[in-house]
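Right, one structure below, let's go through it.
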Amino acid sequence: MPETFEHPIEIRFRDCDALRHVNHAVYFSYCEQARFAFWRHLTGSMNLNEVRFIVARVECDYRAPATLGDQLVVRLHAAAIGRASFTLDYEICEPGGGRVFASARTVLVFYDYKAGKSARIPDDVRAMLTRYLG
């Protein structure tokens, strides 16, 4: 059974717009926070020099408005692992998998900054990601 990574989110006042709900663009920041927490969980490091992937695609479907005071958690798992890229799926919901506010997906590409092109996912990273493949 694949694992799911969970990252709690606290809605900040600045996350909300004039309509008093979390602005649609902020959900991408929530995914980013969860993604870097996931990377730290996998690798034990947050050294940005070791982050060797770039975001190639991001999408989000909004399901319900979240407002200041709502409790959120981002649930994350790997949806696909390719030669140089991997896909992460996110569910932004109430703790315990209650009401879903949004679902999102990112495609991340391992990147060789010196060569300026994509790179093969290292075997150790592939093995770590596979635990979350579902």
Side-chain angles (χ1 to χ4, degrees):
M1 180 102 167
E3 296 182 42
T4 298
F5 178 79
E6 293 191 1
H7 181 71
I9 297 289
E10 182 176 340
I11 298 175
R12 301 165 298 184
F13 177 77
R14 64 175 262 172
D15 295 346
C16 298
D17 60 21
L19 299 175
R20 299 186 185 157
H21 57 72
V22 173
N23 182 273
H24 68 281
V26 174
Y27 288 94
F28 293 111
S29 294
Y30 293 164
C31 291
E32 180 182 57
Q33 290 174 35
R35 185 169 55 252
F36 278 98
F38 177 62
W39 187 253
R40 182 175 51 242
H41 172 75
L42 285 181
T43 67
S45 174
M46 263 316 289
N47 180 345
L48 292 180
N49 292 326
E50 295 177 8
V51 176
R52 301 174 310 227
F53 57 82
I54 58 174
V55 176
R57 179 177 173 79
V58 62
E59 58 188 78
C60 186
D61 293 317
Y62 305 98
R63 310 263 185 231
T67 58
L68 194 63
D70 284 333
Q71 299 295 312
L72 302 181
V73 65
V74 179
R75 303 178 81 221
L76 176 157
H77 71 271
I81 305 170
R83 185 195 72 75
S85 68
F86 61 101
T87 302
L88 296 179
D89 281 347
Y90 310 79
E91 184 178 72
I92 302 167
C93 59
E94 292 175 325
R99 183 170 44 149
V100 176
F101 298 100
S103 56
R105 173 173 276 195
T106 55
V107 176
L108 302 129
V109 176
F110 260 75
Y111 197 74
D112 181 334
Y113 286 93
K114 289 182 183 174
K117 62 181 185 176
S118 65
R120 187 176 165 280
I121 297 174
D123 291 338
D124 61 330
V125 173
R126 180 180 301 282
M128 288 185 276
L129 287 169
T130 299
R131 291 183 16 224
Y132 293 88
L133 185 60

**Request:** Show your working on ring pair (Phe, Tyr, Trp, His ring centres under 6.0 Å) between F5 and H41 and close with a plain yes or no.
**Result:** CA-CA 9 Å; F5 178 79; H41 172 75; 5.2 Å; yes

**Prompt:** Quick one: are L72 and I11 in side-chain contact, heavy atoms under 4.5 Å?
**Reply:** yes

**Message:** I'd like to check Q33 versus I9 (side-chain heavy atoms, cut-off strictly below 4.5 Å). Are they in contact?
**Reply:** yes

**Message:** Could you work out, with side chain to side chain contact (heavy atoms under 4.5 Å, CB included) as the rule, every residue matching D61, not counting sequence neighbours?
**Reply:** R63, S103

**Under 3.5 Å donor-acceptor, E94 side chain and R99 backbone** = yes

**Complete:** Shortest non-hydrogen pair, F101 vs Q71, comes out as CE1-O, 4.3 Å

**Partners passing side chain to side chain contact (heavy atoms under 4.5 Å, CB included) against I81 (at least two apart in sequence or in another chain)** = F86, I121, R126, L129, T130, L133

**Prompt:** Side-chain heavy atoms under 4.5 angstrom apart, residues restricted to Ile, Leu, Val, Met, Phe, Trp, Tyr: same cluster for Y27 and V107?
**Reply:** no

**Asked** Quick one: does V26's side chain get under 4.5 Å of C16's, heavy atoms only?
**Response** no

**Message:** Does this structure show an ion pair linking R57 with E59, if we count only N-O contacts that are shorter than 4.0 Å?
**Reply:** yes

**Prompt:** Y113 vs Y111 aromatic rings, parallel, tilted or perpendicular, using cut-offs 30° and 60°?
**Reply:** perpendicular

**Message:** Run the side chain to side chain contact (heavy atoms under 4.5 Å, CB included) test against F28 and tell me which residues pass, sequence neighbours left out.
**Reply:** V58, C60, Y62

**Asked** Which pair of heavy atoms, one from E91 and one from V100, lies closest together, and at what distance?
**Response** OE2-CG2, 3.6 Å

**Closest heavy-atom pair and its distance - H7, A37** = ND1-CB, 3.5 Å

**Request:** Would you indicate whether the side-chain heavy atoms of Y132 and F38 approach each other to under 4.5 Å?
**Result:** yes

**Request:** With sequence neighbours excluded, tell me which residues meet ring-ring contact (aromatic ring centres under 6.0 Å, His included) with F110.
**Result:** none

**Prompt:** Which heavy atom of S85 sits nearest a heavy atom of V109, and at what distance?
**Reply:** CB-CG2, 4.0 Å

**Fill in**
One should read off an interatomic distance between C93 SG and D70 CG, to the nearest 0.5 angstrom, of 12.0 Å

**Message:** According to salt bridge (Lys or Arg N to Asp or Glu O under 4.0 Å), does anything in residues 24-43 pair up with another residue at least two apart or in another chain? List the pairs.
**Reply:** none

**Asked** Side chains of R83 and S118: closer than 4.5 Å at any heavy-atom pair?
**Response** yes

**Prompt:** L68 versus F13: any side-chain heavy-atom pair under 4.5 Å?
**Reply:** yes

**Request:** Measure the spacing between CG of D124 and CG of L42 and express it to the nearest 0.5 Å.
**Result:** 10.5 Å

**Fill in**
Between P122 and R52, the two heavy atoms sitting closest are CG-NH2, 3.3 Å

**Contacts of A79 that satisfy side chain to side chain contact (heavy atoms under 4.5 Å, CB included) - sequence neighbours left out** = T87, D89, R105

